[in-house]
Novice: 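Got a structure for you, questions after.
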Amino acid sequence: VIPVAGIIRDRKKVFNEVVSSICKKIKTGICLRLTPSNIEDMGVLAEEIEETMLYFNIKKNDCDILIDLEGLKGNNVKEVVQRLIKVINSFPKVGSWRTFILASSYFPSSWDRGENIRRERLDFKVWLELLRSADKIVRMPSYSDYAIQDPYWKDSNSGFAGSVTLRYATVAEWILYKGTKPKADSGDGYYQFNKFCKDLITRKEYANADYSWGDGRIDFYAKIEKTYRDEKVDTGSSSTWRQIGFNRHLTVTANQLSGI
């Protein structure tokens with residue numbers, strides 16, 4: 001376990017104290033997460049990092065740097081990459097950190113009910129373009145993303161009240177299904193998920209049931225038939241649907257990275 005910290009000036013005192021206490025107890029170093037606002041001025045950032053490292057009493061070789069671009073705006077890949085090249089080449093002591101990681105997301109925060117859409121995996125495309133420019137940077141960052149979730153956390157204490165969704169990653173995009181709210185739906189309810197699976201396995205983008213655990217579950221739910229409206233059948237649940245999507249995304253991404 002590696003505790004994640006931020007620049008101490010950006011965090012509440014109690015948060016910093018908790019992270020510091022964990023660092024002293026487990027001695028695994030820290031991961032220092034930097035947001036877009038942190039990397040605007042490298043001179044200021046150098047001072048803030050030094051102050052943060054002193055506070056946590058951590059050496060650079062015990063610290064993982066995570067540059068988190070959060071949600072990417074627009075779709076100009078070259079513009080983002082040129083900005084990243086400048087950031088990386090001017091980053092304080094860039095070669096001294098235990099690991100150096102780049103994270104971002106282009107997953108939509110929402111899409112309309114009843115829509116099946118495609119969304120380009122621009123976060124991975126940006127990293128690939130940066131990799132092609134590796135000869136122009138002093139250190140190539142490792143890849144990280146938010147998988148099938150947008151980066152802006154929405155807290156909810158009311159339990160699941162959303163729509164039925166299926167989120168499926170391919171090497172270049174996501175295929176996204178969204179139905180209606182099951183309890184408000186007068187038709188298929190939770191069985192909408194099974195119908196999404198039935199449609200997906202007919203598409204050329206679907207791999208096969210053996211490609212990943214997620215693909216196997218999609219095949220499983222696609223084969224479940226419902227003969228009448230009130231028949232009780234296995235439709236999974238909101239947590240199951242997310243597990244399937246995350247597993248598929250992680251498997252695809254891991255295979256992409258291992259092939260580079």
Side-chain angles (χ1 to χ4, degrees), residues 68 70-72 101-128 142-154 156 159-182 185 188-226 231-260:
D68 188 353
E70 299 178 338
L72 295 173
I101 308 161
L102 175 67
S104 64
S105 172
Y106 198 59
F107 197 87
S109 59
S110 183
W111 65 99
D112 291 338
R113 293 190 179 99
E115 276 197 346
N116 301 337
I117 68 170
R118 293 172 180 267
R119 176 81 163 188
E120 185 179 18
R121 288 178 59 199
L122 203 70
D123 40 13
F124 194 74
K125 190 174 181 179
V126 164
W127 186 83
L128 283 177
S142 302
Y143 178 76
S144 180
D145 63 26
Y146 282 80
I148 57 164
Q149 180 66 47
D150 79 289
Y152 305 109
W153 174 252
K154 304 171 189 65
S156 174
F160 176 72
S163 304
V164 177
T165 61
L166 173 59
R167 307 168 184 219
Y168 192 80
T170 71
V171 295
E173 62 185 1
W174 294 285
I175 298 174
L176 306 172
Y177 294 79
K178 189 172 188 178
T180 59
K181 290 185 178 182
D185 176 52
D188 292 309
Y190 290 102
Y191 192 68
Q192 293 173 93
F193 182 73
N194 301 70
K195 285 193 168 183
F196 295 157
C197 293
K198 290 176 188 293
D199 180 77
L200 180 61
I201 65 171
T202 66
R203 297 193 180 201
K204 63 181 181 180
E205 294 87 358
Y206 177 71
N208 57 69
D210 297 323
Y211 182 82
S212 71
W213 175 86
D215 282 287
R217 298 312 292 170
I218 288 170
D219 181 71
F220 169 79
Y221 286 111
K223 292 177 178 176
I224 294 175
E225 299 294 339
K226 186 175 181 180
E231 182 182 3
K232 300 294 184 182
V233 297
D234 190 351
T235 61
S237 64
S238 58
S239 59
T240 304
W241 308 334
R242 287 297 180 93
Q243 289 168 8
I244 289 170
F246 271 106
N247 178 265
R248 166 67 192 188
H249 179 97
L250 292 173
T251 304
V252 169
T253 305
N255 286 340
Q256 286 178 282
L257 293 172
S258 66
I260 294 174

Novice: Which atoms form the tightest heavy-atom contact between Ala222 and Lys198, and what is the distance?
Specialist: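 Ala222 and Lys198 have their closest heavy atoms at O-NZ, 2.6 Å.
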
Novice: Write down the atom of Trp127, the atom of Ser142, and the distance for their closest heavy-atom approach.
Specialist: NE1-C, 3.7 Å

Novice: Quick check against the 3.5 Å criterion: does Arg167 have a side-chain atom that pairs as donor or acceptor with the backbone of Ile148?
Specialist: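 Yes.
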
Novice: Atom OH of Tyr146 and atom NE2 of His249: how far apart are they, to the nearest 0.5 Å?
Specialist: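 Result: 12.5 Å between the selected atoms.
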
Novice: What distance separates Tyr191 OH from Cys197 SG, expressed to the nearest 0.5 Å?
Specialist: 10.0 Å

Novice: With sequence neighbours excluded, tell me which residues meet side chain to side chain donor-acceptor pair (under 3.5 Å) with Asp219.
Specialist: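 Counting only residues at least two positions away or on another chain, Asp219 forms a side chain to side chain donor-acceptor pair (under 3.5 Å) with Lys223.
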
Novice: For the side chain of Asn194 and the backbone of Asp234, is there at least one donor-acceptor N/O pair under 3.5 Å apart?
Specialist: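 The answer is yes, because a donor-acceptor pair under 3.5 Å joins these two groups.
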
Novice: Any carboxylate oxygen within less than 4.0 angstrom of a Lys/Arg side-chain nitrogen, looking at Arg203 and Asp199?
Specialist: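 Salt bridge between Arg203 and Asp199, a charged N being under 4.0 Å from a carboxylate O: yes.
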
Novice: Taking all non-hydrogen atoms of both residues, which atom of Tyr168 and which atom of Ala207 are closest, and how far apart?
Specialist: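 It is OH-N, 3.1 Å.
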
Novice: Could you pull out all residues at least two apart from Arg248 that satisfy salt bridge (Lys or Arg N to Asp or Glu O under 4.0 Å)?
Specialist: Asp215

Novice: Return the set of residues passing ring-ring contact (aromatic ring centres under 6.0 Å, His included) with Tyr221 (not counting sequence neighbours), or none when no residue passes.
Specialist: Phe193

Novice: Who are the side chain to side chain donor-acceptor pair (under 3.5 Å) partners of Glu115, not counting sequence neighbours?
Specialist: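 Per chain and number, Glu115 pairs via side chain to side chain donor-acceptor pair (under 3.5 Å) with no residue.
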
Novice: Return the set of residues passing salt bridge (Lys or Arg N to Asp or Glu O under 4.0 Å) with Asp150 (not counting sequence neighbours), or none when no residue passes.
Specialist: Lys154

Novice: If the condition is side chain to side chain donor-acceptor pair (under 3.5 Å), which residues does Lys226 pass it with, not counting sequence neighbours?
Specialist: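 If we apply the side chain to side chain donor-acceptor pair (under 3.5 Å) test to Lys226, skipping adjacent residues, there are no hits.
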
Novice: Search all heavy atoms of Asn247 against all heavy atoms of Gly214 and return the closest pair with its distance.
Specialist: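 Scanning both residues, the minimum pair turns out to be OD1-N, 2.7 Å.
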
Novice: Within the structure provided, determine whether Ile117 and Asp112 are in side-chain contact (heavy-atom separation under 4.5 Å).
Specialist: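 No - every pair of side-chain heavy atoms lies 4.5 Å or more apart.
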
Novice: What distance separates Leu72 CG from Ser105 OG, expressed to the nearest 0.5 Å?
Specialist: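 Nearest 0.5 Å value for the CG-OG distance: 7.0 Å.
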
Novice: Closest heavy-atom contact between Pro108 and Leu176?
Specialist: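 So the two residues come closest at CG-CD1, 3.7 Å.
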
Novice: CZ of Arg242 to CG of Leu166: how many Å apart, nearest 0.5 Å?
Specialist: 11.5 Å

Novice: For the CG atom of Asn116 and the CG atom of Leu200, what is their distance to the nearest 0.5 Å?
Specialist: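 So the CG of Asn116 and the CG of Leu200 are separated by 10.0 Å.
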
Novice: Using the test side chain to side chain contact (heavy atoms under 4.5 Å, CB included), find all partners of Gln256 that sit at least two apart in sequence or belong to another chain.
Specialist: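 Partners of Gln256 under the side chain to side chain contact (heavy atoms under 4.5 Å, CB included) test: Arg121, Phe124, Val171, Val252, Thr253.
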
Novice: Using the salt bridge (Lys or Arg N to Asp or Glu O under 4.0 Å) criterion, which residues pair with Arg118? Sequence neighbours excluded.
Specialist: Glu173, Glu205

Novice: Can you run down the salt bridge (Lys or Arg N to Asp or Glu O under 4.0 Å) pairs that involve residues 251-260, sequence neighbours left out, and say none if there aren't any?
Specialist: none

Novice: Can you list the residues that meet the side chain to side chain donor-acceptor pair (under 3.5 Å) rule with Ser110, with sequence neighbours excluded?
Specialist: Lys178

Novice: When you compare the side chain of Tyr143 with that of Ile101, does any pair of heavy atoms fall below 4.5 Å?
Specialist: no

Novice: Taking Tyr177 for its side chain and Lys195 for its backbone only, find out whether a donor-acceptor pair lies under 3.5 Å.
Specialist: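 Checking the backbone N and O of Lys195 against the side chain of Tyr177, no donor-acceptor pair under 3.5 Å is found.
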
Novice: Between the side chain of Asp123 and the main-chain N/O of Asp145, is any donor-acceptor distance below 3.5 Å?
Specialist: no

Novice: Just verifying a value: how many Å separate Phe246 CZ and Ser239 OG, rounded to the nearest 0.5 Å?
Specialist: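 Separation between the atoms: 12.0 Å.
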
Novice: Cation-pi check for Phe107 against Arg119: NZ or CZ below 6.0 Å from the six-membered ring centre and within 45 degrees of the axis, yes or no?
Specialist: no

Novice: Taking salt bridge (Lys or Arg N to Asp or Glu O under 4.0 Å) as the definition, give me every residue that meets it alongside Glu231, ordered by chain and number, with sequence neighbours left out.
Specialist: none

Novice: Quick one: salt bridge (Lys or Arg N to Asp or Glu O under 4.0 Å) pairs with a partner in residues 251-260, sequence neighbours left out?
Specialist: none

Novice: Looking only at non-hydrogen atoms, find the nearest pair between Ser212 and Thr251 and report the distance.
Specialist: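 Scanning both residues completely, I find the closest heavy atoms to be CB-OG1, 3.6 Å.
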
